[in-house]
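Below is one structure, written out as structure tokens; the observations come after it.
Any value given below was found using the heavy atoms of this structure, including those in side chains, with hydrogens, waters and symmetry copies removed. We name chains A, B, ... by the order of the sequence lines, and we start the count at 1 in each one.
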2 protein chains.
Amino acid sequence: MTVTTESLTIAQMAETTGLSTHTLRYYEREGLMFAPVDRASSSHRRYTEADVAWVGFLTKLRSTGMPIRDVRRYVELVRAGDATMPERRELLVAHRRRVLAQLEDVTASLAAIDRKITLYEGHTP
Amino acid sequence: MTVTTESLTIAQMAETTGLSTHTLRYYEREGLMFAPVDRASSSHRRYTEADVAWVGFLTKLRSTGMPIRDVRRYVELVRAGDATMPERRELLVAHRRRVLAQLEDVTASLAAIDRKITLYEGHTP
DNA sequence: CTAGGACTTCGAGCGCGCTCGAAGTCAAAC
DNA sequence: GTTTGACTTCGAGCGCGCTCGAAGTCCTAG
């Protein structure tokens, strides 16, 4: 298999992004790609560098727990052009707020768990 | 309805813990309670202060993303007595490690999102 | 005595985010 | 020409963590 730097097959894209080919197709179906993915051989997907960067950002949104439906909303705004920048910003800022709140929550719970761990000190086998 | 300080109805327990009555029954079914919940009137649940504390800790485990099945495993260890303290500790420590890794992950993704937000600066409506 | 309401059990259903498998196409290697 | 295998679409299925609803019981107030 010859790897052109021009574009990636879905398998290469999966390798690159860390997502499965199933997930890549799923994201596309769900409207999360910025633009339709190029096709070669009249049917096989060919991903560009831009696609790699885009999926990378999608992954960051997802890994902070943004639901698919919100990611889709964001994507739609990006597609709608520069005029939506304020709204996009607002969306991301609101998301960040929620994420930070949850981080605090988790951190607090973790502290309680740590205290429990401490209670178990000295009981090593 | 007279509120005794002795015990709580499931509705009061839900109020106290922030879980729904459905979830409280679900947790019990799933074997997450330390001991069988007391009953009054031959059938209605009566929760003790100890139950409140216990569910509080369960909630902390859950809010850090520990799967139900792992919580159950932990509960089983607690029920098994003091001899399992080392294993409990190990379980919690491993969980903490995963949670911290994920916190880092989220934090890194959030940073990328922040950079994107910054790009949108100056585009306020 | 009756009505209301809070509880009970049980099994089914749901929303999410994938994940999988069947059946088909196509291009290149042999 | 045949085989291989990487891809395609499509719809179904799954694991998780609840969430819901039906049908029944029991206590309490009026």
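Within residues 14-28 of chain B, the residues that have a heavy atom under 4.0 Å from DNA chain D are, in order of number, B:His22, B:Thr23, B:Tyr26, B:Tyr27. Contacts between residues 61-72 of chain B and DNA chain D, counted as heavy-atom distances below 4.0 Å, involve B:Arg62, B:Pro67, B:Ile68, B:Arg69.
Going from atom CZ of B:Arg29 over to atom P of D:dG17 covers 14 Å, rounded to whole Å. Between A:Leu32 atom CG and C:dC18 atom C1' there is a gap of 12 Å when expressed in whole angstrom units. Rounded to whole angstrom, the span from the CZ atom of B:Arg45 across to the P atom of D:dC27 amounts to 16 Å.
Within a 6.0 Å sphere centred on CD of B:Glu15, heavy atoms belonging to other residues, nucleotides or ligands number 12 at most. In the displayed structure, A:Glu76 atom CD is contacted under 6.0 Å by more than 12 heavy atoms of other residues, nucleotides or ligands.
At a threshold of 4.0 angstrom between heavy atoms, the contacts of B:Arg39 are confined to the sugar-phosphate backbone, with no base atom among them.
In this view, B:Asp114 and A:Arg96 satisfy the salt bridge (Lys or Arg N to Asp or Glu O under 4.0 Å) rule, not counting sequence neighbours. Residues that satisfy the salt bridge (Lys or Arg N to Asp or Glu O under 4.0 Å) test with B:Arg72, not counting sequence neighbours, are B:Glu30.
Taking the charged nitrogens against the carboxylate oxygens, A:Arg88 and B:Glu121 have no contact shorter than 4.0 Å, which rules out a salt bridge.
The CD1 atom of B:Ile10 sits 5.0 Å away from the CZ atom of B:Arg45 when rounded to the nearest 0.5 Å.
Screening A:Leu24, A:Asp51, A:Leu58, A:Leu8 for a side chain to side chain contact (heavy atoms under 4.5 Å, CB included) involving A:Thr17 leaves a single residue, A:Leu24.
Note on ring orientation: taking the six-membered ring where Trp is involved, the planes of B:Trp54 and B:Tyr74 are parallel (angle under 30°, cut-offs 30° and 60°).
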Can I get a per-line list of side-chain donor-acceptor pairs under 3.5 Å for residues 104-112 of chain A, giving both atom names and the distance, sequence neighbours left out?
residue: A:Thr107; atom: OG1; partner: A:Leu103; partner atom: O; Å: 2.7
residue: A:Ser109; atom: OG; partner: A:Asp105; partner atom: O; Å: 3.3
residue: A:Ser109; atom: OG; partner: B:Ser63; partner atom: OG; Å: 2.7

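Using modelled atom types and a 3.5 Å distance limit, the side chains of A:Thr64 and A:His95 yield a donor-acceptor pair.
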Write out a two-atom table: protein N or O, nucleotide N or O from nucleotides 26-30 of chain C, distance below 3.5 Å.
none

